[in-house]
Amino acid sequence: MSSLCESNSSSHGNGDLVEQLASGFKIALQGAFGEAGTATDPSIKVAANPKFGDFQANFAMGLAKTLASSHGNHPKEIAQLVIDHAPQSLRDLCEPFEIAGPGFVNIRLRPTTIANALTAMDNSTLGVPNAKGLRTVAVDLCGVNVAKQMHVGHLRATIIGDTIARLYERLGWKVYRQNHLGDWGLPIAMTLAALRRAKIEIARVTLDDLNTAYRNAQAQGRDDEPGLAAARATQVGPHRIAELEAQHEGAAVALADAHDTLRRLQSGDTSVVADWQKLIDVTMCEVYETAATLGVDLKPDHNRGESFFRDRLAPTVDAFVQAKLAERDAGALVVRFADRERPLLIQKSDGTSLYATTDLAAVRYRIQDLGAERVVYCVDARQRDHFRDVFDAVRLIGWTKLPSGSDAHLVHVPFGAVLGPDKRPLKTRSGENFTLKALLDEAVARGRREVRARSAIPESPTAGMSSDELDAIGQAVGIAAIKYADLSSDVARDYVFDLDRMVSFEGDTGPYAQYAHARIAGILAKASGRDADCPIALVNAEERALALALLRYSNAVEDAAKQLAPNRLAAFIHELANTFNAFYQACPVLRGVDDATRASRLRMCDITRRVLADALSIMGIVAPNRM
RNA sequence: GCGGCCAUAGCUCAAUUGGAUAGAGCACGAGCCUACGAAGCUCGGGGUUGCAGGUUCGAGUCCUGCUGGCCGCGCCA
C-alpha cells in the first residue's frame, strides 16, 4: 500500500515518530537478516496497552514464519537479533527495548524524543504532509435531484463526501467536487410537463411547488401495464379492469406529454429550456443554502449533473459498440461480464440512454478530462451492484488509463441508511421522507436552547453575550451534533437518528469536542503573553499522554483518507479531547506552577487547540472560542 | 431463485485491517467544584464477539456450513 504522499514524510520535518521508528527498524532488520530483512515490514503500531510502552513492533512473529525453512528461529530470538542490530540513531530515540509475549518488541520513547517531535510539528502544517497539488482526486457527492427537496439520504451523501474531499484537500491534493445532479431526462420532463399543464407560473415557482409537481408527475406517469394484463388474464371483476385501463390511459397521456417536453428540451426549444433552467435555479438555491448551514463546501462550480454529460452519451455508447463490448439483447444494448449473470444496460430499446450511460461518461470525464487518479463515489450502499458493474465496464474498455500509464482507482464509499426509532428508514408519521431542512432546523433549535440555558448561568463564559452571538454558537453546536454523530460511526452501517443522544453533549459527541476546544481557548485568552518557542517539558504522565496523542494527528488524517473513513478522524478527535481533559484535570496551567512549566503547558494547550480546530474543520465543524 | 452487506456489554457504537487481558459513550453505582470553563475528571460492576466447525504461534477479523436481519436483481435513478 503506497503512502498517500509519495514524497518522504520525514523530509517535511514533521517529526513523524512512526516513520522514524520504522526506518530505524528497517536498518536493523537488514543488518540482522539481509535480503529477507529488507523485505519485512517493521510493523510499528501504537502500543495496545500503555503498560507495553508507547509503540510496539510486530515483525518478529511473521518473520519467524517466512524464515522457518532456512533458520529455526523463534520469534523472540529473531526480535533479539534485530534489536542487537538497531542503529544508534534508533537507540537514541528510545529507552531500552523489551521483548514480550510471543515476540513483540515494546518501545518506550525518551521524553526528549517526544518533546522534539512535538516541537517539530508546531507549525502551520501541524505535521500533516502535503502533496502540493501533484495528486488529483474527484469526489462524487450530494447528488440531489432537481425539483425535489433534499431529504436525510442527501445528508450523508453531502457531509461524507465533503469530509472526504476536505481530507484530501488537507493532504494537499487537487480535489474536484462533483455534484452529480439529477437534472436531465424523463423525470425532469415529467415535472416540467405537469407544471406547464397546470399552467403554473414558472417564474414564481417555489421548491415546495416543484416537489409537489414532481410527486404528482410520478404518480400520473405510473403505468400498471403488467397489472392490467394480469387482471385480464385472471378475469377479475370488470370494475377493476376498467380502473386499471383508466390509469393506463391517464399515464399514457402524461407520458406522451412528458416525452414531447423532453424532446423539445433536448432539441433546445428556448421556452422549455428557460423553464428547465428555472427549475434548476430554484432547486439549487436551497441546496446551496443547506450546504452553507451544514458547513459544506458546495457551489455552482461543482455541478456536473446529467445534463452536463448529455452530449457525451452517444459517444460513450458508440465506444462500447466499437470495442465490441456491448451487444443487443431484446432491443437494448448491454455489457456482459464474465463472472456474473447480471449485465449492465447502457441503452434502452428505444435508443435512449439511462443512468449507467451517464455514469460511464462521468467516469471517463473525471479520469481523462480532470486527470483524477482516484474517483470516489459517496453514494447510498444500495447502489453497490450498480457501481461494481459500472467500474468493471470502465475497466473493460480501458478508460482508467492515466496519461502516466498507471490506472486510476475507482472507489464507491457505500453508506448505510438513516433509521428512525423503529429501525426502519426514517420517515415522518405520514410516511414521507423528512426534509433535510426540517431536520437541521430542529437540530439548530436544540443547540441554541442548550447554549442559551448555559449562558443564563452568571459564571458562564457566555453570560451576557448578545442574542446574535448566542444564536451563532447554538447553530454551530446543533450542526456539530448531527454531523459528528453521522461521521463518527462506520459510514457503511445504518444508524438510528436520535437527536436526544446527538445533542446530549456528553460522551463521544461533536459538542464534547467543541467544549474541549472552548476550554483551551478560554485558558489561552486568560494567559497574557506567552513564549511560543519555549522548551516543552514532559514530566507528568498526562503531559506525556497529551504529547503522544498530538503526534498521532498526521497519521489520523492520512489513515482516514486512505481508508475513506471519517470515523477514524472522529475517533482521533474524541481521544485527543479526552486526553486533554485528563491533562487539564491533573496539570494546572496558569496557577501555582513555575514559569517554565507554565510556558510549556501553555504551548501544549495552544497546539492542542489548533489540532482540534484543524481536525474539526476537516469535518466542516466550527469550533467556537466560547460556548 | 440468484447475488451482496451485516450480527460485538442492557442500549448506541469502536477495535490501528491477523497481534498481547475485545475498548468507548449512554444507562447504573461510588467519589471530585468558595471553579486556570463540572457540556468536565477519577474509580467500579457489566462479554462464550449469533451458532458449529476449520486455517495458525495467534481469529471479533480469514475459509466452510447453519440461523437471523437488511438490501439489490435489463430498459426508474
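By convention in this document, chain letters (A, B, ...) are assigned in the order of the sequence lines, proteins followed by strands, and residues within each chain are numbered from 1.
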Legend entry - Distance-only polar pair, side chains of A:H180 and A:N303, donor-acceptor under 3.5 Å: no

Inset, instruction - Would you please say whether a donor-acceptor pair under 3.5 Å links the side chains of A:K427 and A:N433? - result: yes

Inset, instruction - For B:rC73, give its Watson-Crick or G-U wobble partner with both distances under 3.5 Å, or none. - result: B:rG1

Legend entry - A:D329 or A:A492, whichever maps to the more 5' nucleotide of RNA chain B: A:A492

Inset, instruction - Mind calculating the distance between CG (A:D350) and C1' (B:rG74) to the nearest angstrom? - result: 13 Å

Legend entry - Pairwise P distance for B:rG18 and B:rA7, with rounding to whole Å: 15 Å

Inset, instruction - Could you check which of B:rC41, B:rG72, B:rG37 has an atom nearest any side-chain atom of A:R382? - result: B:rG72

Legend entry - Candidates B:rG37, B:rC75, B:rC57 - which lies nearest the side chain of A:M627: B:rG37

Inset, instruction - Look at the side-chain N and O atoms of A:N578 and state whether any lies under 4.0 Å from the OP1 or OP2 oxygen of B:rC41. - result: yes

Inset, instruction - Counting Watson-Crick and G-U wobble pairs only, both distances under 3.5 Å, name the nucleotide matched with B:rA20, or none. - result: none

Inset, instruction - Using whole Å, report how far NZ of A:K423 lies from P of B:rC11. - result: 8 Å

Inset, instruction - Report yes or no: is there a donor-acceptor pair, N or O only, under 3.5 Å between the side chain of A:Q56 and the base of B:rA20? - result: yes

Legend entry - Closest-nucleotide ordering on RNA chain B, the 5'-leading residue of A:G185 and A:P102: A:P102

Legend entry - Among B:rA38, B:rC5, B:rC13, the one nearest A:R384 by side-chain distance: B:rC5

Inset, instruction - Whole angstrom is fine here: how far is it from CD in A:Q383 over to P in B:rC71? - result: 15 Å

Legend entry - Stacked pair A:Y515-B:rG40, distance under 5.5 Å, angle under 30°: no

Legend entry - Nucleotide opposite B:rG46 in a Watson-Crick or G-U pair, distances under 3.5 Å: none

Legend entry - Options B:rG37, B:rA77, B:rU42, nucleotide nearest the side-chain atoms of A:R626: B:rG37

Inset, instruction - Could you check whether A:F104 and the base of B:rG19 form a stacked pair, meaning centres closer than 5.5 Å and planes differing by less than 30°? - result: no

Inset, instruction - Decide yes or no, distance alone: a donor-acceptor N/O pair under 3.5 angstrom between the base of B:rA20 and the side-chain of A:N106. - result: yes

Legend entry - Given B:rC76, B:rA27, B:rC41, the nucleotide with the shortest approach to the side chain of A:K348: B:rC76

Legend entry - Among B:rA77, B:rA14, B:rG40, the one nearest A:Y512 by side-chain distance: B:rG40

Legend entry - Separation of atom CG in A:L360 from atom C1' in B:rG74, rounded to whole Å: 15 Å

Legend entry - Presence of A:R342 side-chain N/O under 4.0 Å of B:rC73 phosphate oxygens OP1/OP2: no

Legend entry - Whole-Å P distance, B:rC13 and B:rG58: 34 Å

Legend entry - Between P of B:rA39 and CZ of A:R446, the distance in whole Å: 18 Å

Legend entry - Listed nucleotide nearest any side-chain atom of A:R493, set B:rC70, B:rC32, B:rC13: B:rC13

Inset, instruction - Compute the centroid of each ring, for A:F583 and then for A:F580, and state whether the two points are separated by less than 6.0 Å. - result: yes

Legend entry - Nearest-angstrom distance, P atom, B:rC66 to B:rG1: 12 Å

Legend entry - Aromatic ring proximity A:F391/A:H412, centre distance under 6.0 Å: no

Inset, instruction - Would you mind telling me which of B:rG19, B:rC36, B:rA24 lies closest to the side-chain atoms of A:I523? - result: B:rC36

Legend entry - Base-pairing assignment for B:rU61 (Watson-Crick or G-U wobble, both under 3.5 Å): none

Legend entry - P-based separation of B:rA59 from B:rG3 [nearest Å]: 30 Å

Inset, instruction - Quickly work out the A:D380 CG to B:rC71 C1' distance and round it to whole Å. - result: 9 Å

Inset, instruction - For the pair A:D54 and A:R544, find out whether any cationic side-chain nitrogen is under 4.0 Å from an anionic carboxylate oxygen. - result: yes

Legend entry - From CH2 (A:W184) to CG (A:L262), nearest 0.5 Å: 7.5 Å

Legend entry - Among B:rA77, B:rG37, B:rG72, the nucleotide that comes nearest once only the side chain of A:D385 is considered: B:rG72

Legend entry - Anti versus syn assignment for B:rC6, with syn defined as within 90° of 0: anti

Inset, instruction - Using a cut-off of strictly less than 4.0 Å, decide whether A:R519 has a side-chain nitrogen or oxygen near OP1 or OP2 of B:rG37. - result: no

Inset, instruction - In plain terms, say whether A:E98 and A:R108 are close enough for a salt bridge, that is, a side-chain N and a carboxylate O under 4.0 Å apart. - result: no

Legend entry - Counterpart base for B:rA7, defined by Watson-Crick or G-U wobble contacts under 3.5 Å: B:rU67

Legend entry - A:K65 side-chain proximity, nearest of B:rG40, B:rG74, B:rC57: B:rC57

Inset, instruction - May I ask you to establish whether A:R304 and A:F308 are in a cation-pi arrangement, using a distance under 6.0 Å from NZ or CZ to the six-membered ring centre and at most 45° from the ring axis? - result: yes

Legend entry - A:Y584 over B:rC41, stacked by centroid distance under 5.5 Å, angle under 30°: no

